[in-house]
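Excluded from the calculations below are hydrogen atoms, water molecules and symmetry mates; all remaining heavy atoms, backbone and side chain alike, are included.
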Amino acid sequence: MTHSPATRALDLSRIRGWLFDLDGVLTPTADVHMHAWSRLFTPVLAEAGVAPYTDADYYAYIDGKPRYDGVRSLLASRGIVLPEGEVTDAPELDTVHGLGNRKNAAFNATLAEEGVAAYPASVAFLDAVERHGCLVAVVSSSKNAPSVLAAAGLAPRFEVVVDGAVAAREGIAGKPAPDTYLAAAERLGLDPSVCAVVEDAESGVRAGAAGPFGAVVGVDRGAGAEALLALGADVVVHELDELIPALDTRPPSSGATRPTDTEEGLA
């Protein structure tokens, strides 16, 4: 575990809520997603006779976005126009929703076969956050967040989960809009100004930077530290346990409880 001067100098004294993206931040399911997207688009783009799919496409057009938005963005990058279809479209259909459902089937099959384990450094940071009495939430564009949390053994830690299913059901705009993170802060009973957003995706960092949050932490899993800083991250780490020294500069709270009406930071 290494600690850069930037992480040591980061002021987390007012942060009382931590809003974590899931894939690529708490769990390495980003790899599962990347493989699923590659299996989806490699034959689709080959059949269309356009530039082949690469990992760079994932970071530029897909990472962090709601599934169907990722399909639209990637297709647009190649000048491909398909019918929208319906959410209930079969995975075999060549529509935006059909392709999205095809990708989801591939993701769930891989998750069932291989399982997933949380990043040890992220668990260590989560332990430290809870030790300091902070509240936590998961904010994910994926509709599979509950199953991923359960598979990784993290589900009991998160009472608040704002995922793609919640966003669709409640009409909350997805990343890069800040709305899902704002919704999570509200569910924790905290003002966004005392919450930190933790993201590895460009669209997620944009979402954090677009809101009135107390801090935006980027986790570099491939997007690049310079890119995440340029998009609004206050600091970028390779592993979340790099932030523990900065967290330890603040006095621990008496317990991980929701704020009362008289406490600072109530939404």
Side-chain angles (χ1 to χ4, degrees), residues 17-40 55 58-59 62-71 87 91 99-127 129-130 135-170 172 174-176 179-181 183-184 187-188 196-205 207-208 217-223 238-241:
W18 288 86
L19 313 178
F20 295 94
D21 178 45
L22 178 58
D23 301 329
V25 170
L26 296 177
T27 60
T29 34
D31 293 338
V32 182
H33 282 291
M34 287 182 72
H35 295 157
W37 283 109
S38 179
R39 287 197 298 273
L40 169 68
D55 287 348
Y58 175 79
Y59 293 113
I62 295 170
D63 191 18
K65 295 179 181 177
R67 189 192 320 146
Y68 302 125
D69 286 348
V71 172
V87 175
L99 292 181
N101 294 342
R102 194 182 310 171
K103 179 267 170 181
N104 196 52
F107 173 84
N108 284 323
T110 304
L111 183 64
E113 293 166 4
E114 301 178 3
V116 66
Y119 290 111
S122 297
V123 173
F125 181 68
L126 187 57
D127 289 340
V129 163
E130 293 175 340
L135 301 176
V136 297
V138 161
V139 181
S140 173
S141 295
S142 173
K143 293 183 179 180
N144 300 309
S147 60
V148 171
L149 287 168
L154 296 176
R157 293 189 174 218
F158 293 97
E159 293 183 12
V160 174
V161 177
V162 180
D163 69 349
V166 172
R169 184 172 65 247
E170 300 186 13
I172 305 171
K175 305 169 188 178
D179 300 44
T180 49
Y181 277 110
R187 283 162 167 76
L188 290 178
V197 169
V198 187
E199 267 285 355
D200 71 309
E202 292 186 6
S203 61
V205 169
V217 175
V219 184
D220 184 11
R221 304 289 189 195
H238 291 288
E239 297 289 352
L240 282 181
D241 62 353

[X] versus [Y], closest heavy-atom pair with distance:
X      : Y      : value
Val197 : Gly204 : CG1-O, 4.5 Å
Trp18  : Val129 : CD1-CG1, 3.5 Å
Thr27  : Ala152 : CG2-CB, 3.8 Å
Ile172 : Ala183 : CD1-CB, 4.0 Å
Glu239 : Ala121 : OE1-CB, 3.5 Å
Arg221 : His238 : NH1-O, 3.3 Å

To the nearest 0.5 Å, what is the distance between [atom1] on [X] and [atom2] on [Y]?
X      : Y      : atom1 : atom2 : value
Leu22  : Leu149 : CG    : CG    : 5.0 Å
Lys143 : Arg169 : NZ    : CZ    : 10.5 Å
His35  : Asp55  : NE2   : CG    : 7.5 Å
Phe125 : Asp241 : CZ    : CG    : 9.5 Å
Asp69  : Ser203 : CG    : OG    : 9.5 Å
Asn144 : His33  : CG    : NE2   : 6.0 Å

Stepwise side-chain contact (heavy atoms from CB on, under 4.5 Å) check, Tyr59 with Met34: CA-CA 9 Å; Tyr59 293 113; Met34 287 182 72; 3.7 Å; yes

Asp127/Arg157 under salt bridge (Lys or Arg N to Asp or Glu O under 4.0 Å): CA gap, chis, key distance, verdict: CA-CA 10 Å; Asp127 289 340; Arg157 293 189 174 218; 2.7 Å; yes

Worked check of side-chain contact (heavy atoms from CB on, under 4.5 Å) between Thr180 and Lys175: CA-CA 7 Å; Thr180 49; Lys175 305 169 188 178; 4.1 Å; yes

[Y] and [X], any side-chain heavy atoms less than 4.5 Å apart:
X      : Y      : value
Val25  : Val138 : no
Val166 : Val161 : no
Phe107 : Arg39  : no
Asp23  : Ser142 : yes

Check against side-chain contact (heavy atoms from CB on, under 4.5 Å), Asp21 and Tyr181: CA-CA 9 Å; Asp21 178 45; Tyr181 277 110; 3.6 Å; yes

Whether Phe158 and Phe20 hold their rings parallel, tilted or perpendicular, with breakpoints at 30° and 60°: perpendicular

Full working for side-chain contact (heavy atoms from CB on, under 4.5 Å) between Leu19 and Val162: CA-CA 10 Å; Leu19 313 178; Val162 180; over 6 Å; no

Set of residues satisfying side-chain hydrogen bond (donor to acceptor under 3.5 Å, both in side chains) with respect to Tyr119, sequence neighbours excluded: none

By salt bridge (Lys or Arg N to Asp or Glu O under 4.0 Å) - contacts of Glu114 (at least two apart):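 Glu114: no salt bridge (Lys or Arg N to Asp or Glu O under 4.0 Å) contacts found.
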
